[in-house]
Amino acid sequence: MSEMTPATRIVRLVLFVGLVAWMNFGPFYRQVLDGDNQHMREFRMYGTRARRTCQVHFEQKQKDAWKPVSRWEIEGYSFQKFPGRARRMLDKPKDALAAGRRLCGALGEDSELRYRMRCGHVRDGWGEWDVSEDLCAGGGR
Amino acid sequence: MSRLLDRVLGWEGSTRQIAILRFAMGLIIWAEYAQKHAAFRNHAPGDLLFGAVLVTAAGCMAFGLFSRVATAVSALCMVYGYHYLGVHLGQKEPFVHAHTYVLMCTVVFLAMMPTGRSLSVDRWWALRREERGGPAPVPEWAPLWPLALIRLQLALVYFWGAIDKTNVAFLSGSRLQQMYYYYYGSHEGVRLPFFDELMTLGGIATVVLEYGLAFGLWFAPARKWLIPAGIIFHLMIYLSFPVGTFSVTSCVLYFAFFAPATVHAWFGRMAPADTSV
């Protein structure tokens, strides 16, 4: 064990305290004070991915009851084989509407089809469910 | 508080632990940056030079060749890459990420210690010089106060990560659901039984574990349970989402939390001096 000189102690003290302050200030500044200086580091999980993602269930009316319809299976996707993100994700009502129209083509234009849709945000979780009108009759919002 | 600070500032111990961290971090820098600075990807002379210097320095750092200089050059390159190229010039890839920041901090803190005194080419040369009648090599012993910063950095990643997740969106599992939908096709592609319940459980368990790791890693009895749990957690993230080198960096940094004397003793037990075989 070597003896620490006063000068060494001061250098270490300044570096240690300064670095601890810097390490703590970054996430505090970004995550608590909502600062946006990128030199400061925040530790958020995937803050830039899946910022707005929607969950869409299609339902077909059969014998006065709404039964779930799998767009995934009708369009020929599986867990092993699925298309690019732009085609498979329904991130906006207009995407759900377009997918619904494709399903009407596959199920028959005289089908009654609707979607139930809710969208989520990175910080807020899921929103409320939104139910469309009959998509095959040109409905939807 | 003052006594604790004095203990940290005067902390000395075996250099074998920091040598292992030096070795691992050098190789993680290769894994993170070498391909991204390959000549076929980027022909700009400045970027080629930067990549060559970083990868060469990291290689020397890993194997302990001119360790002190190599670690310092690696640290400077990473600070330059993150703060100047990444943040100042806006070249976010591959520099400005949480995992590259943790890697950068670790290498900066390693550069503040003589990591080459153990398990290095430098050490091997020093021993050979001694065998030829030269001076005895410096002992495998050094000030270790920057190791406390390495530990603190990892604890802060977990703490602030957990703070960010302490909200209804994450704890209800909906944030994890969104992540799975984003990376795995859509909600229709994820057909696991009890998926929603699993995501809620996953959300709560993640937050509990992250708070646990942030505070518990500092205590030896808790480490026995937290380190295996943390490794499983990081493996699951590795196998589920794109995380770069974050998982491997975190798992290697658990090693920083053991007492240097304990790590030194492990080597004694596993590689005894008597090599009669």
Side-chain angles (χ1 to χ4, degrees), chain A residues 1-4 8-13 15-17 19-20 22-24 26-28 30-32 37-58 70-73 75 77-79 82-83 85 88-91 118-126, chain B residues 5-6 8-10 12 82-83 86-88 90 92 96 98 101-102 104-105 108-109 112 141-143 145-146 148-149 152-153 156-165 167-175 177-191 206 237 241-243:
Chain A
M1 181 78 92
S2 57
E3 201 56 47
M4 196 174 22
T8 307
R9 187 183 182 282
I10 289 171
V11 171
R12 286 184 192 174
L13 182 69
L15 279 171
F16 187 81
V17 173
L19 287 165
V20 168
W22 169 266
M23 286 153 71
N24 279 284
F28 180 78
R30 294 289 301 276
Q31 293 178 225
V32 177
N37 186 331
Q38 301 284 312
H39 287 288
M40 306 287 175
R41 187 65 235 177
E42 61 176 1
F43 297 105
R44 295 184 190 275
M45 177 192 153
Y46 294 103
T48 56
R49 294 276 188 278
R51 291 189 68 84
R52 185 178 166 79
T53 308
C54 297
Q55 191 176 15
V56 185
H57 293 288
F58 288 98
S70 173
R71 173 181 77 102
W72 197 255
E73 284 167 14
E75 296 200 348
Y77 307 149
S78 70
F79 190 68
F82 51 80
R85 189 173 291 137
R88 71 183 184 243
M89 296 295 287
L90 305 177
D91 288 340
R118 63 176 181 176
C119 293
H121 184 269
V122 63
R123 300 269 164 258
D124 306 327
W126 293 118
Chain B
L5 197 57
D6 277 338
V8 173
L9 296 179
E12 292 185 1
Y82 187 95
H83 287 289
V87 177
H88 185 71
K92 188 168 185 283
V96 188
Y101 180 85
V102 174
M104 174 189 77
C105 288
V108 168
F109 300 148
M112 296 158 83
W141 190 267
W145 62 273
L149 295 171
L152 180 65
Q153 182 59 69
L156 287 174
V157 171
Y158 287 125
F159 176 72
W160 286 102
I163 291 279
D164 184 55
K165 296 179 185 79
N167 55 51
V168 177
F170 199 89
L171 292 167
S172 66
S174 60
R175 181 70 191 126
Q177 286 179 30
Q178 291 161 13
M179 295 293 297
Y180 266 94
Y181 296 163
Y182 184 79
Y183 286 106
Y184 289 82
S186 81
H187 63 95
E188 293 173 296
V190 185
R191 283 288 182 83
T206 300
I237 299 176
F241 300 123
V243 287

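- In this structure, CD on E42(A) lies 11.5 Å from CG on N37(A), to the nearest 0.5 angstrom.
- Residue Y158(B): no heavy atom, backbone or side chain, is found under 4.5 Å from chain A.
- Across V8(B), N167(B), V157(B), the residue that shares the most heavy-atom pairs under 4.5 angstrom with chain A is V157(B).
- With sequence neighbours left out, the side-chain contact (heavy atoms from CB on, under 4.5 Å) criterion links L171(B) to I204(B), V207(B).
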Go through the steps to decide whether R41(A) and W160(B) satisfy the test side-chain contact (heavy atoms from CB on, under 4.5 Å), and finish with yes or no. CA-CA 10 Å; R41(A) 187 65 235 177; W160(B) 286 102; over 6 Å; no
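- Heavy atoms closer than 4.5 Å to chain B are found nowhere in D91(A), neither backbone nor side chain.
- Only the side chain of Y82(B) comes within contact range of chain A, with at least one heavy atom under 4.5 Å from a heavy atom of that chain.
- For V102(B), the part lying under 4.5 angstrom from a heavy atom of chain A is the side chain only.
- Taking both residues in full, the closest heavy atoms of V96(B) and V87(B) are given as CG2-N, 3.8 Å, listed atom of the first, atom of the second, then distance.
- Here CZ of F16(A) is found 5.0 Å from CG of L149(B). Values are rounded to the nearest 0.5 Å.
- Per-residue heavy-atom pair counts under 4.5 Å with chain B were compared for Q38(A), R30(A), H39(A), and the maximum is reached by H39(A).
- When the candidates I163(B), V168(B), V108(B), D6(B) are compared by the number of heavy-atom contacts under 4.5 Å with chain A, D6(B) comes out ahead.
- Under the ring-ring contact (aromatic ring centres under 6.0 Å, His included) criterion, F170(B) pairs with no residue at all, not counting sequence neighbours.
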